[in-house]
Amino acid sequence: MSVQMWTYLFVFLSFGLYIGIAIWSRAGSTKEFYVAGGGVHPVANGMATAADWMSAASFISMTGLISFLGRDGTFYLMGWTGGYVLLALLLAPYLRKFGKFTVPDFIGDRYYSQTARLVAVFCAIVISFIYVCGQMQGAGIVFSRFLEVDVTTGVIIGMAIVFFYAVLGGMKGITYTQVAQYCVLIFAFMVPAIFISIMMTGQVIPQIGFGSELVDGSGYLLDRLDGLSQELGFATYTEGQRSTQDVFFITAALMFGTAGLPHVIIRFFTVPNVRDARRSAGYAMIFIAILYTTAPTVAAFARTNLINSVSNAEYSAMPDWFGKWETTNLISFDDKNNDGKIQYVGDAERNELTVSADIMVMANPEIAGLPNWVIALVTAGALAAALSTAAGLLLVISTSVAHDMLKRTFMPSITEKQELLSARISIFVAVLIAGYVGMNPPAYVAQVVAFAFGLAAASFFPAIVLGIFQKKMNKQGAISGMAAGFIFTASYIIYFKLINPAASTADNWLFGISPEGIGTLGTIINVAFAYTIASFTPDPPDDVQELVENIRLPGEA
């Protein structure tokens, strides 16, 4: 069968599975809608967390960025992985013991303030919107290439599927759908990686192939890639080009942002007790590590295959994959010297090929000449990654509006049925807005997502950590810290990415920190404001301090 027929088959089967699970596990109460009833098994929750965590940015874009940035691109890998360790060790068990539905719930009750709750709601909605836009963008890329529709149509299809099972099943439906999506995405990522590792290095395990010699006798994989990069005028693959402080700030922002992301934190409210929260965090680490330790290998394979396939090749003789990706505008050829050959070099004046980092994982099996069913499998995996995370984010938006804003603040008398209806309407509105931005993306998927992490780092992470480990942190300090960190980080990103993108160079960045890394400075500003304001204002009430002491004590909840 053709790639397109295999793709239709895999997408139809996987979407049918997701919809079937959503119907089987539809939510009938607010507790099932928000936290899946609180009875999810730790292994299932670990898989759902991994799927929730490994978004289109992880599956599609992170590997592509490592392919082009080389060692510099690994800050995504280190930051996201390290951040999950922070989340698992510092936050997850304590938040589960606190026993609330959402992050704004924790902020509002811990800081005994409706204002704090509303600030947290605002931050959660903005962060989740930015993040979900990246997922819609990723889904559009996949649909546009493999179902041969335009990106706009692809985004609309993704919106419809996510809306259906998020609205019907809530967290209960999303959880069990994400278990299935994890199985699909990890299988789809690993199968081509194993195929290509065997073809290029003779090693079945891709991680071993990463450090092995190539079967064509041209040397070790990374040595060969360094040589090819230097020959063509690109930066040496294994050497970094970014400044040390920028790499540090980006990595830290991704770490802190990971630990503050509401759609990941909420997953630990779905297990029965604190012990299971810890266990599910451990399982999730294992499930995440399978993809994250494979990504650098896939990046190196993809970059090597791309260079070997396109450098100085006759444009008219390029395989079908090249022309089909051209129709998506994610790869383009401009024959500057009119010789009919593709000149792919590091010199911008002479370079004739433009390649988006977002296509590297998707195009890699085609470039390597893998079977059609493998190429189609990757499509199903990429869609699973994008849709699983999008569903979790939409749930955060809906719970922030229906539970935290309406039920807990403005309309405490609404019935459970009205609350569920409000949550579902919120998802509908969120899907429409996210879809629009997904059709008009401001950057690569991973870069769009990185901005969400920076905002989460500058707003939620300090407020949650201080709320758990500093019993004298009061509402005035927390509110001022969240507001200062969020406003500073958002202003910096908006200026350099929307208002004046031409000025986004290392010479113009504050302390040489890029917009992707500014969240770390926002975190520092948050903590500084929080401690300063708290020192001049009254301590929290005794019952709140006692609550903080209690959630840190060993025991179940």
Side-chain angles (χ1 to χ4, degrees), residues 55-70 72-73 76 133-155 158 189 192 229 232 234-235 237 241 295-296 298-311 313 315 318-335 342-346 348 351-368 375 378-379 381-383 385-386 437-451 497 501 504 514-516:
S55 63
S58 292
F59 192 99
I60 298 174
S61 198
M62 178 183 70
T63 300
L65 286 170
I66 296 174
S67 288
F68 285 96
L69 298 175
D72 282 343
Y76 288 101
C133 291
Q135 309 317 306
M136 291 294 99
Q137 179 187 352
I141 290 170
V142 177
F143 278 120
S144 68
R145 163 61 186 90
F146 290 100
L147 297 186
E148 298 186 6
V149 298
D150 58 67
V151 173
T152 298
T153 303
V155 171
F189 195 85
S229 299
L232 298 174
F234 294 107
Y237 191 80
Q241 305 299 311
V298 174
F301 289 155
R303 181 69 168 165
T304 304
N305 282 334
L306 178 69
I307 292 174
N308 286 334
S309 299
V310 303
S311 183
Y315 175 67
M318 288 302 295
D320 288 345
W321 68 264
F322 191 94
K324 289 180 177 178
W325 276 108
E326 273 191 303
T327 62
T328 67
N329 297 318
L330 296 174
I331 187 170
S332 61
F333 170 59
D334 177 16
D335 194 1
I342 299 174
Q343 187 171 242
Y344 184 43
V345 294
N351 181 55
E352 298 176 340
L353 186 71
T354 303
V355 185
S356 168
D358 285 343
I359 75 167
M360 294 303 288
V361 169
M362 304 302 302
N364 192 30
E366 294 180 282
I367 298 172
I375 297 169
V378 175
T379 306
L383 290 173
V437 179
M439 297 171 197
N440 302 276
Y444 295 137
V445 174
Q447 290 175 320
V448 171
V449 168
F451 302 146
K497 288 299 178 181
S504 187
S514 65
E516 290 85 353

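These figures come from a predicted structure and were not determined experimentally.
A302 pairs by the side-chain contact (heavy atoms from CB on, under 4.5 Å) definition with S67, M360, N364, not counting sequence neighbours. Applying the side-chain contact (heavy atoms from CB on, under 4.5 Å) test to N308 and every residue at least two apart in sequence or in another chain returns R224, L228, T304. Annotation: side-chain contact (heavy atoms from CB on, under 4.5 Å) contacts of T354 (sequence neighbours excluded): S332. Scanning for side chain to side chain donor-acceptor pair (under 3.5 Å) contacts around S514 gives D246, E516, with sequence neighbours left out. Partners of F68 according to the ring pair (Phe, Tyr, Trp, His ring centres under 6.0 Å) rule, which considers only residues two or more places apart in sequence or in another chain, do not exist here. Qualifying side-chain contact (heavy atoms from CB on, under 4.5 Å) partners for S504, counting only residues two or more places apart in sequence or in other chains: F496, W509, P515.
In this structure, F322 and L353 have side chains that are in contact, with non-hydrogen atoms separated by less than 4.5 Å. Side-chain contact between Y76 and L65 is present, with at least one heavy-atom pair separated by less than 4.5 Å.
N351 contributes atom CG, which lies 10.5 Å from atom CD1 of I342 (distance to the nearest 0.5 angstrom).
At distances below 3.5 Å, at least one donor-acceptor pair connects side-chain atoms of E352 with backbone N or O atoms of Q343.
When all heavy atoms are compared, the tightest approach of A363 to W325 is CB-NE1, 3.4 Å. Residues I66 and G73 come closest through the heavy atom pair CG1-O, 3.5 Å. Residues Y237 and S229 come closest through the heavy atom pair CB-OG, 4.2 Å.
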* With side-chain contact (heavy atoms from CB on, under 4.5 Å) as the test, would you mind laying out the steps for V310 and Y315 before giving the verdict? => CA-CA 8 Å; V310 303; Y315 175 67; over 6 Å; no
* Take F333 and Y344 through the ring pair (Phe, Tyr, Trp, His ring centres under 6.0 Å) test and state the conclusion after the steps. => CA-CA 9 Å; F333 170 59; Y344 184 43; over 10 Å; no
* Please walk me through it: do I359 and W321 pass side-chain contact (heavy atoms from CB on, under 4.5 Å)? -> CA-CA 11 Å; I359 75 167; W321 68 264; 5.5 Å; no
